[in-house]
Amino acid sequence: MQSWNEEQWAWRYEAWYEQGPGYQAASREKALLQRLLAKLGPVKTVLEVGCGTGYFTRWLAAQGLQAVGLDLSAAMLAVAQAKGATVGYLRGDATALPFDDETFDLVAFITTLEFIASPMTALREAARVAKRGLLLGVLNRFSWTAFRRCVRGLFRATIYRQARFYSVRDLIRLVHQALPRRRFTLAWDTTAGSVHLLWGEFIGLSVRFEERE
Ligand SMILES: C[S@@+](CC[C@H](N)C(=O)[O-])C[C@H]1O[C@@H](n2cnc3c(N)ncnc32)[C@H](O)[C@@H]1O
């Protein structure tokens, strides 16, 4: 069996988005994220935490946002940097973000909370550096597709063998637990559209902060 190094895995990960089911899934995810982005009001700057190869960071930049991507993995970031210069990338840990309070309008996690060892701490950190809100996208625990994506080996590179999937309810609960003293408005949707809503393969959640008193 072929043994791939981390950067080869990262290129394979990026390639999954470029055709077939990966391309179609990503198109549905982007349409969903775009709807939720509109609910967050005027935002100009965004940090994508766990940006991986930068696929969604580039997409956020293409939406007109000034985008920065942060990831723990040097291999993923090497691919992100090779893919384009419109975005700034840096290596860092979601649980200790190297930014001052309220540096960005928005902090996004796209298919990343599932892989972070302490998602609660990561959400608190995100809420610290975000002025207006958070944009979350996760693979649905109740979706067979999510399971297949996992098993297919896309997420088997050494740094993230473990994944924890969420339901809509789990995700909302996590946000409330992480931010007990923050006032916010939530909006969510899945890629399934109006039929079988709770089973859509990808869940999007926007967390719009209310003004601090
Ligand atoms: C499945 S990938 C998602 C990448 C990208 N957001 C996307 O949707 O294509 C999850 C990413 O989270 C990153 N990650 C995991 N734990 C992290 C942490 N504590 N801090 C920063 N990034 C982390 C991994 O390195 C990996 O690139």
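First listed ligand is number 1; within each ligand, the first listed atom is number 1. The chain is numbered in sequence order, starting from 1.
- Under a 4.0 angstrom heavy-atom cut-off, Tyr13 registers as being in contact with ligand 1.
- Judged by the shortest distance from any of its heavy atoms, Gly92 lies inside the 4.0 Å radius around the atoms of ligand 1.
- With respect to the salt-bridge test (charged N to carboxylate O, under 4.0 angstrom), the residues Glu210 and Arg183 qualify.
- For Arg58, the salt bridge (charged side-chain N to carboxylate O under 4.0 Å, His left out) partners two or more places apart in sequence, or in a different chain, are Glu14.
- Residue Glu48 has at least one N or O atom closer than 3.5 Å to an N or O atom of ligand 1.
- Of the possible polar contacts, one joining the Asp71 side chain to the Cys51 backbone as a donor-acceptor pair under 3.5 Å is found.
- Not a single donor-acceptor pair under 3.5 Å links the side chain of Asp100 to the backbone N or O of Thr103.
- Panel note: side chain Glu114, backbone Thr112; a donor-acceptor pair is recorded below 3.5 Å.
- Summarising the contacts of atom 9 (O) of ligand 1 with Tyr17, Tyr55, Phe56, the nearest heavy atom is found in Tyr17.
- Residue-ligand proximity: Thr95 is placed with every non-hydrogen atom at 4.0 Å or more from ligand 1.
- For ligand 1, the polar-atom distance check finds no N/O of Val49 at less than 3.5 Å from any of the ligand's N/O atoms.
- Between Ile110 and ligand 1, at least one pair of N/O atoms sits closer than 3.5 Å.
- By the salt bridge (charged side-chain N to carboxylate O under 4.0 Å, His left out) test, Glu7 is found to be paired with no residue, residues two or more places apart in sequence or in another chain being considered.
- The side-chain tip of Arg164 does not point at the ring of Phe115 from less than 6.0 angstrom away and within 45° of straight on.
- Heavy atoms of Cys51 found under 4.0 angstrom from ligand 1 belong exclusively to the backbone.
- The closest non-hydrogen atom to atom 25 (O) of ligand 1, taken over Asp71, Asp93, Leu72, Thr121, comes from Asp71.
- The atoms of ligand 1 that sit less than 4.0 Å from any heavy atom of Thr112 are 3 (C), 6 (N), 10 (C), 11 (C), 12 (O).
- Taking every heavy atom of both residues into account, Pro119 and Leu174 meet most closely at CB-CD2, 4.1 Å.
- Within ligand 1, counting atoms from 1 as listed, the ones closer than 4.0 Å to a heavy atom of Phe115 are 1 (C), 10 (C), 15 (C), 16 (N).
- Short contacts between ligand 1 and Gly52, defined as distances under 4.0 Å to a heavy atom of the residue, involve ligand atoms 4 (C), 27 (O).
- Atoms of ligand 1 found under 4.0 Å from any heavy atom of Met76 (numbered from 1 in listed order, with element): 27 (O).
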